[in-house]
Protein chains: 2
Amino acid sequence: MKNIEPKLIELFKTGYCTPQIARIAKKLHEPGTTIHYNIKRLEKEGKIKAYGAVFDYKKIGYGYCVYVFANLKSDKYGDPEEMADKIAKDPNVESVDICSGDFELILKLRTRDVDEYYEWVKKSIKLYHFAKTLSQISLKQVKAEFVKL
Amino acid sequence: MKNIEPKLIELFKTGYCTPQIARIAKKLHEPGTTIHYNIKRLEKEGKIKAYGAVFDYKKIGYGYCVYVFANLKSDKYGDPEEMADKIAKDPNVESVDICSGDFELILKLRTRDVDEYYEWVKKSIKLYHFAKTLSQISLKQVKAEFVKL
DNA sequence: TAAATAATTGAATATTATACGAAAATATGA
DNA sequence: TCATATTTTCGTATAATATTCAATTATTTA
């Protein structure tokens, strides 16, 4: 068939969704126009970055979830933001945080399985100038993106 | 005024949003009804758990972000899922993962500031039977929930 | 290969978001 | 304090959108 599913999943990761004003209006017992006004303000102020879907990652072939703690090589050590921005573009990376302590970066990574994870690590050591990484594999994802799984 | 904003933020954390079928149809050059059908199937199969918003957490008063690694006390050590489920209900907790290694649990926590974080820790040690915790404070959130911040 | 099941699609309908304007509430400044 | 400006609320009208339905086509199953 047309196999629209993967395209939808890609679009829904960070967008192509919108608030249900009518439902919210009923729920909060306020006029729809008032809800509309308040939402538009939230968006204009930049408080809302995007509307998207939360998936059952196991069911869409991203069941393998790893937290990666990374050190950058000395040439990039002083400027973790440059690498962080580059890593943020990686479609397998759900989150990127810059930290103090033993590691400069904390990543949350989603892949299909161990094999894909291994491929990712090999690629990333070069690409992102990792000096050392420590990984913590999630045995069970109980909650993600504020949604109970 | 009515101060609808906090209510909206609460609703948008895990729901009250919906796909934009018309926009997707245009983007993918497919009929709206086909898009509709495929989305409904994704939902029925449980591949999509929810539609919600991603925020600029700093702007909505949740700018302090901490990764918490936790050990459970011996009485709960053998059954981390029970505690994980309880922690998952915590509105400050964005994610909960059960892990192997030095710590059983990895949490991602969002609070207004250090003070609120400290209050959370004090509460949680008792409430969630933590034996030991290690915290990693995010200095800068570069990406979260697949959205570049 | 026949029958059953699943997926695509257009037309009709129901629902929903949005634009607009008026009124109310709040903030600002002398 | 009062007048004025700005922000927020909200009803009505309209535009846009999702959804239902039924027919057609494609795919799977036996």
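Note that this is a predicted model, so its numbers are computed, not measured. Note on naming: letters A, B, ... go to the chains in the order of the sequence lines (proteins, then strands), and numbering restarts at 1 for each one. Values reported hereafter were calculated over all heavy atoms of this structure, with side chains retained and with hydrogens, waters and symmetry mates removed.
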Whole angstrom is fine here: how far is it from NE2 in A:His29 over to P in D:dT9?
-> 17 Å
To the nearest Å, give me how far apart CD1 (A:Ile24) and P (C:dT15) are.
-> 19 Å
Round to a whole Å and report the spacing from CD1 of A:Ile35 to C1' of C:dT16.
-> 14 Å
Is any side-chain N or O of A:Thr34 closer than 4.0 Å to OP1 or OP2 of D:dC10?
-> yes
Residues B:Glu5 and A:Glu45: closest non-hydrogen pair is OE1-OE1, 4.1 Å
Write down the distance between CZ (B:Arg23) and P (D:dA18), rounded to a whole number of angstrom.
-> 11 Å
Verdict with reasoning, B:Glu104 to B:Met83, per side-chain contact (heavy atoms from CB on, under 4.5 Å) | CA-CA 11 Å; B:Glu104 289 96 61; B:Met83 275 304 124; over 6 Å; no
Determine, for A:Asp97 against A:Lys108, whether the closest basic-nitrogen to carboxylate-oxygen distance falls under 4.0 angstrom.
-> no
Give the rounded distance in Å between these two atoms: CD1 of A:Ile21 and P of C:dA19.
-> 10 Å
Here the gap from B:Tyr128 atom OH to B:Ile87 atom CD1, rounded to the nearest 0.5 Å, amounts to 6.5 Å
Answer yes or no: does a side-chain N or O of B:Lys2 lie under 4.0 Å from OP1 or OP2 of D:dC10?
-> yes
Return no unless some side-chain N or O of B:His36 is found under 4.0 Å from OP1 or OP2 of D:dA18.
-> no
Should A:Tyr37 be listed as having a side-chain N or O under 4.0 Å from OP1 or OP2 of D:dT9?
-> no
Sorted by position of nearest nucleotide on DNA chain C, 5' first, the leading residue of B:Glu30 and A:Lys40 is B:Glu30
Any A:Asn38 side-chain N or O less than 4.0 Å from OP1/OP2 of D:dT8 | no
Where do A:Lys7 and A:Glu10 land on the salt bridge (charged side-chain N to carboxylate O under 4.0 Å, His left out) test, with the steps shown first?
-> CA-CA 5 Å; A:Lys7 291 172 194 165; A:Glu10 204 45 45; over 6 Å; no
Which one, C:dT18, C:dA7, D:dT8, comes nearest to the side chain of B:Arg41?
-> C:dA7
Measure the distance from NZ on A:Lys7 to C1' on C:dT8 and round it to the nearest whole Å.
-> 14 Å
Side chain of B:Met1 (C-beta onward), nearest among C:dT8, D:dT8, D:dT19 = D:dT8
Separation of C:dT8 C1' from B:Leu28 CG (nearest whole Å) = 15 Å
DNA chain C: A:Ile4 or A:Pro19, which has the more 5' nearest nucleotide?
-> A:Ile4
Taking NZ from A:Lys44 and P from C:dT18, how many angstroms apart are they, rounded to a whole number?
-> 12 Å
